[in-house]
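Step one of this worksheet: look at the structure below.
All chains are named by letter (A, B, ...) in the order of the sequence lines, taking the proteins before the strands, and each is independently numbered beginning at 1.
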2 protein chains.
Amino acid sequence: MKLKEFARQLGLSPTTVSRALGGYPEVNEKTRKRVAEEAVRLGYRPNINAVRLVTGRAGAIGVVMGRTGEFHFAEFMSGMAERLDGEDIDILVSPTTDRDSTDEIPIYSRLATSGRVDAVIVHSPKPNDERIALLNDLGFPFLVHGRSETEVPHAWLDIDNEGAVRRATSHLLDLGHKRIVMINGPAGRTFSLHRDKGYRDALQERGVAFDPRLVAHGHFTDELGFRLARSYLEQSPRPTAFVAGSMMTVLGVYRAVRSRGLVIGRDISVIAHDDVFPYLTPENMIPSLSATRSSMRAAGARSADLVLQLLGGRPASEIHELWPVELILRESTGPAPTEVRI
Amino acid sequence: MKLKEFARQLGLSPTTVSRALGGYPEVNEKTRKRVAEEAVRLGYRPNINAVRLVTGRAGAIGVVMGRTGEFHFAEFMSGMAERLDGEDIDILVSPTTDRDSTDEIPIYSRLATSGRVDAVIVHSPKPNDERIALLNDLGFPFLVHGRSETEVPHAWLDIDNEGAVRRATSHLLDLGHKRIVMINGPAGRTFSLHRDKGYRDALQERGVAFDPRLVAHGHFTDELGFRLARSYLEQSPRPTAFVAGSMMTVLGVYRAVRSRGLVIGRDISVIAHDDVFPYLTPENMIPSLSATRSSMRAAGARSADLVLQLLGGRPASEIHELWPVELILRESTGPAPTEVRI
DNA sequence: AAGCTGTTTTAAAGCGCTTTGGTTAAATGT
DNA sequence: ACATTTAACCAAAGCGCTTTAAAACAGCTT
């Protein structure tokens, strides 16, 4: 059913019907009501593509899905979806199989110029991120999930990675740990750098020398957590604590510790970052896992919200949100063992 | 830059330019080449929404993202993205916070009638799925990922869940296990029913009585795996083997077994279904996990492919794919312990 | 040289909607 | 009673493209 036919059946002009449905004031309240009811009854829905053409709005927010870290991504998107439910805005996912953000440039470029989306979300930026530069050059609305150090003014939402790791590390230091390993995210991303900084600052505050060999970078996989933890545990002197970048990483760390016959929370303390997944929770681990916590889903929901504000005209330079991160202590952290033998 | 202006600059009519870009035969090869080059040089891109309006095609495939099982979902979508890379087709994600597929009816209805997508993918159907009935009634193209028992002809892609579980269970029976617990997916979904059937058939083949209390249903979470396994292990006689529905479930099962001081692969055998995630792999578990394996990512890629075929005119009734599932034996399965004490 | 054929290009219609710039009818003011 | 305002509705333009139907052009015949 087209607008014209629908309007004819109502005995109204297309103009009035369109306005009634659009909620414009110059339509009699009774008429509006009638139109709304009949639209439901007769199943009339405006052709979205016609609307998009004529309004110039795409009614969609774009995200680029990379090969790695999909479990975070799904949770973030799910949060976006939650917020966008009811709005007439879709989420459009663009594929990329590439690992480096530079390779994503053509994708963002296409997304920004093709008119399929009204805004895009940029994930895990680097300090000097090409994608941000590009989108700014194109004058295309975007929100950065994470932070960058670029001069370019832009909207962003980030969690306090630095503070999270600083607190986690400080807590371990307070417990007497000296050799603390950090298994961080991929090198080069701002969030990894922030975590590095939080780690180093905590050491410095407590006057513990920074040993770069205790910090590793890589993707958030169970395997990497295992392999790295395993090799660290073979070193002498042995580390007594781990800070792990994700829930997947920490699965591997737990396994590595156990496989060496060590006890988590006694021989080895562990803190991880928890993005709050419905299917894998730190309190259920054995021993329950001390974690810095920040809901990825909530970040997704808020990001969608901020993008909506951005599209509503709020200046990008005004949209900056830094979320604090909780540190939740459970059983995986304990006093450093007084004597470390190998 | 609009078509009109671009054509003017080339000294051609909009018609010719449109055809050149669209690859129609009635354009001189030289002209086409010139148009293509200039389009790149001048940065001309057809307005996608105008194209969509005039062609009536949306250039997108819809998927509905539920609240649960997001880790599977992301992997599936990632596969779709892989296949769709290069095609001018997007993935459109519609949110739902509901748990039951009946609640998704309005979402599918909206998706199908709004012209935003050319086809949708239906996940985890029930034997008599309302969504399939709806989409069929609407005459809207769709592919089912999973199977249904409806009379309605439709395209589907599924893995052999029944065969997978039958083989897993048979293998455990061959090893001498008698009390085999199955932690299955949500009740009511066809794939869960198929797995139930595979389990029962295996028992029957070997002449082992079916005990319904040994089969549990629920979402694929670490916590459920733990809670259920924990409570089964307290029973007497104790089960000697578990078939777990997902990698998350099995994490909980492993933990439960260990927390009882039992050894996996010796006291308790475990087989799980592995959807092949880049961040969590059965071979890395300790002990390494015997699993039925089928790549969710590959299913996503193939699904996208089949949807493209569907849109290309291939009849839905012709599109049925049942993928075999490998059983890969590792260390988590072993002979049933001869004597089971509690 | 006119007719015919096949190739290449173009003018113009129209996809389904929103919105500008009206018109008409009713309400209000003088 | 007439002018003026306000409320309610409408005709038609136009968003940027594809595609139908027709025109222009070139290459051959006869």
(request) Mind checking the CG-CG spacing from B:Leu143 to B:Leu135? Nearest 0.5 Å is all I need. (result) 11.0 Å
(request) Kindly indicate whether the side chain of B:Arg57 and the base of D:dT18 share any N or O donor-acceptor pair separated by less than 3.5 Å? (result) no
(request) Would you kindly give the CG-to-P distance between A:Asn28 and C:dT24, to the nearest whole Å? (result) 20 Å
(request) Please check the phosphate of C:dT18 (OP1 and OP2 only) for any side-chain N or O of A:Ser18 closer than 4.0 Å. (result) yes
(request) Could you state the atom-to-atom distance from CE of B:Met1 to P of D:dC17 in whole Å? (result) 11 Å
(message) Can you tell me if B:Tyr44 touches the phosphate of D:dC17, counting only side-chain N or O atoms and a distance under 4.0 Å to OP1 or OP2?
(response) yes
(message) Which is more 5' along DNA chain C, the nucleotide nearest B:Val27 or the one nearest A:Val17? Just name the residue.
(response) B:Val27
(message) Rounded to whole Å, how long is the line connecting atom NZ of A:Lys2 with atom C1' of C:dG14?
(response) 11 Å
(message) Under 4.0 Å from OP1 or OP2 of D:dC10: is there any side-chain N or O of A:Thr16 that close?
(response) yes
(message) With a 4.0 Å limit, can you tell me whether B:Asn47 has a side-chain N or O closer than that to the phosphate oxygens OP1/OP2 of D:dC17?
(response) no
(request) Look at the side chain of A:Arg32 and the backbone N and O of A:Tyr24, then say whether any donor-acceptor pair between them is shorter than 3.5 Å. (result) yes
(request) Send over the distance from A:Arg32 CZ to D:dA7 C1', rounded to a whole Å. (result) 13 Å
(message) Any N or O donor-acceptor pair under 3.5 Å from the base of D:dT19 to the side chain of B:Thr15?
(response) yes
(request) Write down the distance between CD (B:Glu26) and C1' (C:dT9), rounded to a whole number of angstrom. (result) 10 Å
(message) Over all strands shown, is A:Arg19 touching base, sugar-phosphate only, or nothing at heavy-atom distances under 4.0 angstrom?
(response) base
(request) Please confirm whether the backbone N or O of A:Ile105 pairs with a side-chain atom of A:Ser109, one donor and one acceptor, at under 3.5 Å? (result) no
(request) Measure the spacing between CZ of A:Arg131 and CD1 of A:Ile107 and express it to the nearest 0.5 Å. (result) 10.0 Å
(message) Please report the distance, rounded to the nearest Å, between CG in B:Leu53 and P in C:dC17.
(response) 9 Å
(message) Distance check needed: D:dC17 P versus A:Arg52 CZ, whole Å only.
(response) 16 Å
(request) Looking only at side-chain atoms of A:Thr31, point me to the closest of D:dT18, D:dC9, C:dT18. (result) D:dC9
(request) Select base, sugar-phosphate, or nothing to describe what B:Arg45 touches, counting heavy atoms under 4.0 Å on all strands. (result) sugar-phosphate
(message) When you compare the side chains of B:Arg297 and B:Ser78, does any donor N or O come within less than 3.5 Å of an acceptor on the partner?
(response) yes
(request) Let me know the distance between NZ of A:Lys30 and C1' of D:dC9, rounded to the nearest Å. (result) 15 Å
(message) Is the phosphate of D:dC9 approached by A:Tyr24 (side-chain N or O, under 4.0 Å from OP1 or OP2)?
(response) no
